[in-house]
**Q** 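The structure's right below; bear with me while I get my questions together.
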Amino acid sequence: MRFRGNKTRVFKAVAMMIVALAIGSCSDKQDTIVLSKDFVGEEWGRFDLLKVDYDILKAPTTVDVIMELTVSEDFPNVYPSSKNDKDMLFCMLVEFPDGSHRVRDYKFPLKDRDGNWKSEKTDGYYHFKFMLISELYISESGICKFTLENKYSKDPLYGIKNMTIKCVPSKK
């Protein structure tokens, strides 16, 4: 009987150490998600800037900045005259902890020349993944500020369900 009680205590102690190690190791881990946005009514207003602060925990580091995008048949506009518009247009500004910045306009075609989607439809939506910046070098830890601006000329941009921006470690 006494051996059985010690076995239970040892098991509990080992389990508590495993839990403590798991919690401690997670605290220093960099979250890869910079921005995760679900658009109310599947609309993104022309002048509704998406702004987010992203804390770089360890530097220097090199990351790939990736966008995941989900859109509906309404993209980019509900009016028939806009159905030939095929591109996702936006601008992204990144302000780095060292005071430098990077700004770029993006144009990703979601449809081909004939108006056919460049993605399979799943659960009523089209899903896309785009590389925004490959091997982005960040020299200092601290806050990176991301600002995204909708550049679609008509207001609002329709059919945009959600967008996720991630910074994932570059694979060299």
**Q** Run the salt-bridge test on Lys111 and Asp87 with the 4.0 Å N-O cut-off and return the result as yes or no.
**A** no

**Q** Within 45 degrees of the ring normal and closer than 6.0 Å to the centroid, is that where the cationic atom of Lys121 sits relative to Tyr125?
**A** no

**Q** To the nearest 0.5 Å, what is the distance between NZ on Lys58 and OG on Ser141?
**A** 11.0 Å

**Q** Could you state the interatomic distance from OG1 (Thr62) to CD1 (Ile133), rounded to the nearest 0.5 Å?
**A** 12.5 Å

**Q** Are side-chain heavy atoms of Ile165 and Leu148 found at a separation under 4.5 Å?
**A** yes

**Q** When you compare the side chain of Lys37 with that of Asn162, does any pair of heavy atoms fall below 4.5 Å?
**A** no

**Q** Under 4.5 Å between any side-chain heavy atoms of Met67 and Met163, yes or no?
**A** yes

**Q** Evaluate the side-chain proximity of Asp38 to Lys161: yes if any heavy-atom separation is below 4.5 Å, no if none is.
**A** no

**Q** Under 4.5 Å between side-chain heavy atoms, counting indirect links through other Ile/Leu/Val/Met/Phe/Trp/Tyr residues: same cluster for Leu57 and Val168 or not?
**A** no

**Q** Between Asp112 and Gly115, is there a donor-acceptor pair closer than 3.5 Å when you use the side chain of the first and the backbone of the second?
**A** yes

**Q** Looking at every heavy atom in both Gly159 and Asp74, which two are closest together, and how far apart are they?
**A** CA-CB, 3.9 Å

**Q** Going hydrophobic residue to hydrophobic residue with side-chain gaps under 4.5 angstrom, can you get from Leu89 over to Val71?
**A** no

**Q** Side-chain heavy atoms under 4.5 angstrom apart, residues restricted to Ile, Leu, Val, Met, Phe, Trp, Tyr: same cluster for Tyr106 and Val34?
**A** yes

**Q** Roughly how far, to the nearest 0.5 Å, is the CZ atom of Phe47 from the CD atom of Glu149?
**A** 7.5 Å

**Q** Could you tell me which non-hydrogen atom of Leu132 sits nearest to which non-hydrogen atom of Arg104, and how far apart they are?
**A** O-NH1, 3.4 Å

**Q** Report the distance from atom CD1 of Ile56 to atom OG1 of Thr61, rounding to the nearest 0.5 Å.
**A** 7.0 Å

**Q** Among side-chain atoms of Glu73 and Tyr126, is any donor-acceptor pair under 3.5 angstrom?
**A** yes

**Q** Any chance the side chains of His127 and Thr70 put a donor and an acceptor closer than 3.5 Å?
**A** yes

**Q** Any side-chain heavy atom of Glu43 sitting closer than 4.5 Å to one from Ile160?
**A** no

**Q** Taking the side chain as every heavy atom from C-beta outward, state whether Asp85 and Asn77 have any pair of such atoms under 4.5 Å apart.
**A** no

**Q** For side-chain contact (heavy atoms from CB on, under 4.5 Å), just list the numbers for Leu110 and Phe130, CA-CA rounded to whole Å, side-chain angles, deciding distance to a tenth of an Å, and then say yes or no.
**A** CA-CA 11 Å; Leu110 304 187; Phe130 301 108; 3.4 Å; yes

**Q** Is there a path of hydrophobic side-chain contacts, each under 4.5 Å between heavy atoms, that joins Ile143 and Ile33?
**A** no

**Q** Is there a donor-acceptor contact under 3.5 Å from the side chain of Arg46 to the main chain of Asn150?
**A** yes

**Q** Is the shortest heavy-atom distance from the side chain of Lys166 to the side chain of Lys129 under 4.5 Å?
**A** no

**Q** Decide whether Leu49 and Val52 are clustered together by the hydrophobic rule: side chain heavy atoms of Ile, Leu, Val, Met, Phe, Trp, Tyr closer than 4.5 Å, transitively.
**A** no

**Q** Please collect all ring pair (Phe, Tyr, Trp, His ring centres under 6.0 Å) contacts where either partner lies in residues 136-159, sequence neighbours excluded, each pair once.
**A** none

**Q** Shortest non-hydrogen contact from Ala59 to Ile138?
**A** CB-O, 3.9 Å

**Q** Once you round to the nearest 0.5 Å, how far does CG of Asp53 lie from CG of Leu35?
**A** 11.5 Å

**Q** In a table with atom names and distances, give each donor-acceptor pair under 3.5 Å that connects a side chain of residues 90-103 to protein atoms at least two apart or in another chain.
**A**
{"from": "Asp98", "atom 1": "OD1", "to": "Ser100", "atom 2": "N", "distance (Å)": "2.9"}
{"from": "Asp98", "atom 1": "OD1", "to": "Ser100", "atom 2": "OG", "distance (Å)": "2.6"}
{"from": "Asp98", "atom 1": "OD2", "to": "Ser139", "atom 2": "OG", "distance (Å)": "3.2"}

**Q** Rounded to the nearest 0.5 Å, how far apart are OG of Ser36 and CG of Asp31?
**A** 10.0 Å

**Q** Can you label the angle between the Phe39 ring and the Trp44 ring as parallel, tilted or perpendicular, going by 30° and 60°?
**A** tilted

**Q** Could you tell me whether the side chain of Ser119 reaches within less than 4.5 Å of the side chain of Phe128, counting heavy atoms only?
**A** yes

